[in-house]
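Quick notes on the structure that follows.
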Amino acid sequence: MKTLLPFLLIALSFISSHAQQPAQKLRVLVLTDIENEPDDAQSMVRFLTYSNQWDVEGLIATTSVHQPNRVAPEKIKQIVTAYGKVRTNLLLHEKGYPETAYLLSVIKPSIPKYGMEAVGPGNDSEGSEWIISVVDKKDNRPVWIPVWGGANCLAQALWKVRQTRMPDEVDQFVAKLRVYTISDQDDSGPWLRKTFPNLFYIASPGRHAGGAYHYATWSGISGDNFHGRFRGGDFSIVDNPWLDEHIRKNHGPLGAEHPFTKFLMEGDTPSFLGLINNGLSDPEHPNYGSWGGRYEFYTPRTRKWFYEPETRPFWSDAEDEVMGADSAWHTSNKATIWRWRKAYQNDFAARIDWSVKPYKEANHPPIAKLGHANELRAKSGEKVMLSADGSTDPDGNALTYDWIYYREPGSFESNRILEVQDKQKMNAFIVAPKVDKPETLHVILAVTDTGTPALTRYQRVIVTVFP
Ligand SMILES: [Ca+2]
Ligand SMILES: [Ca+2]
């Protein structure tokens with residue numbers, strides 16, 4: 001067994017470093033209760049600035065507990081039309097932005113009824129039929145479904161598939177889905193999790209209108225509790241004055257579609273931030289952490305605002321311990337998002353710049369590269385050399401480096417004593433700690449340019465330490 005292990009690790013490292021740099025675009029289909037409050041429109045603006053990174057398979061207008069009898073596809077059309085006015089300019093900066101007519105063609109309404117009342121016979125809608133047709137395409141890639149409101153349109157699609165297909169066909173259909181819901185904005189989320197126990201599902205569960213948002217990971221996008229009170233994350237860069245300056249005003253027709261915040265900025269955005277190909281995310285591993293937060297696989301214990309007890313494990317809230325903008329340590333699930341706040345806000349601001357500026361007047365992200373593989377092996381006590389040699393910037397900006405020991409995703413239990421040495425240099429190192437059995441350590445390389453706004457890209461190094 002001992003002699004086989006290195007070969008096995010080589011094989012595994014090949015598979016997972018490949019997974020970190022997907023050659024193919026992710027397929028993404030959004031469900032949104034847009035118009036219930038301004039934040040879905042905000043998220044749609046941000047989403048479209050990244051639409052060149054994905055194959056956008058659908059933009060479906062749904063209901064939710066906040067908007068139980070109405071769907072608003074016309075609002076999606078309005079924002080996509082604004083995108084159409086700036087698409088040519090976006091293409092000056094990155095290729096692949098989809099045709100406006102194509103995006104308009106994948107906007108679909110679901111049925112304007114609340115929750116499980118819209119699941120069952122007679123409740124098929126353009127939206128639910130569209131989900132089925134997208135998943136049925138002859139395409140082996142999974143379909144990522146960020147859910148910004150209720151999930152009942154997806155529930156109807158799955159209800160129908162289960163009514164009309166053999167069990168193994170249902171399993172194949174379910175296996176292609178990757179769902180992230182912003183808590184439970186109707187009663188279909190618990191039904192989906194219970195009825196399809198193998199459905200890939202990420203959520204801070206609980207009734208969205210019942211208090212769940214006080215605790216939900218997604219609120220780390222721009223607040224740290226319902227009132228958006230400052231707790232570690234820098235609130236000034238998600239507040240209306242910053243958004244007015246960098247997104248809404250004097251930034252063209254797409255930025256102008258980002259409405260004034262009523263409660264929190266973009267509560268739905270974490271459902272797709274983890275799908276951005278920035279070197280940090282590894283979407284099939286929500287426990288690795290990304291701009292969209294970090295999630296672990298377990299059965300959440302029942303709380304008073306749950307619809308019903310959870311019966312199965314899924315990807316849910318996980319905590320990170322992070323130094324906040326207030327120079328204090330915070331341990332929370334929201335910190336798994338707000339720790340990256342400056343990077344994701346600057347990235348959005350740059351892309352809104354792209355919608356109006358020529359190439360030379362805007363900033364473009366650096367390319368973070370490692371001088372070695374993403375997966376390394378070491379024995380306890382050995383020095384592990386880390387190198388960002390080869391990282392570049394398309395604008396010729398100077399680069400700064402930050403090697404972050406990301407304790408929580410690794411198997412190695414430690415305190416903060418394990419520090420990367422020379423952590424702000426291009427070449428850094430760690431000394432492999434003492435372990436009793438093979439353990440993993442995650443180190444994140446963050447490369448930031450000196451353009452305006454400063455942009456960051458990443459590489460993840462996973463070191464397996466042997467005794
Ligand atoms: Ca929403
Ligand atoms: Ca740059």
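This structure is a prediction, so every number in the text was calculated from the model and none was measured. Indexing begins at 1, ligand by ligand and atom by atom, following the structure's order.
Screening Phe47, Trp144, Trp218, Trp291 against Phe272 for a ring pair (Phe, Tyr, Trp, His ring centres under 6.0 Å) leaves a single residue, Phe47.
A cation-pi contact, defined as under 6.0 Å to the ring centre and within 45° of the axis, is absent between Arg460 and Tyr406.
Taking the ring centroids of Trp340 and Tyr458, they lie under the 6.0 Å cut-off. Aromatic pair Tyr180/Tyr295: centroids less than 6.0 angstrom apart.
Nearby protein atoms of type N, O or S around the Ca ion (ligand 2) amount to 7 (distance under 3.0 Å).
Evaluation of the ring pair (Phe, Tyr, Trp, His ring centres under 6.0 Å) rule for His372 yields no partner, not counting sequence neighbours. For Ser128, the side-chain contact (heavy atoms from CB on, under 4.5 Å) partners are Asp124, Ser125, Cys153, Gln156, Ala157, not counting sequence neighbours.
The aromatic rings of His330 and Trp338 sit perpendicular to each other, their planes meeting at more than 60°, with 30° as the lower class boundary. The aromatic rings of Tyr215 and Trp305 sit parallel, their planes meeting at an angle under 30°, below the 60° perpendicular limit.
Around the Ca ion (ligand 1), the protein N, O or S atoms found under 3.0 Å comprise Asp33 OD1, Asp40 OD1, Asp40 OD2, Trp148 O, Asp268 OD2.
Tyr50 and Asp347 are linked by a side-chain donor-acceptor pair at a separation below 3.5 angstrom, with hydrogens and angles left out of the test.
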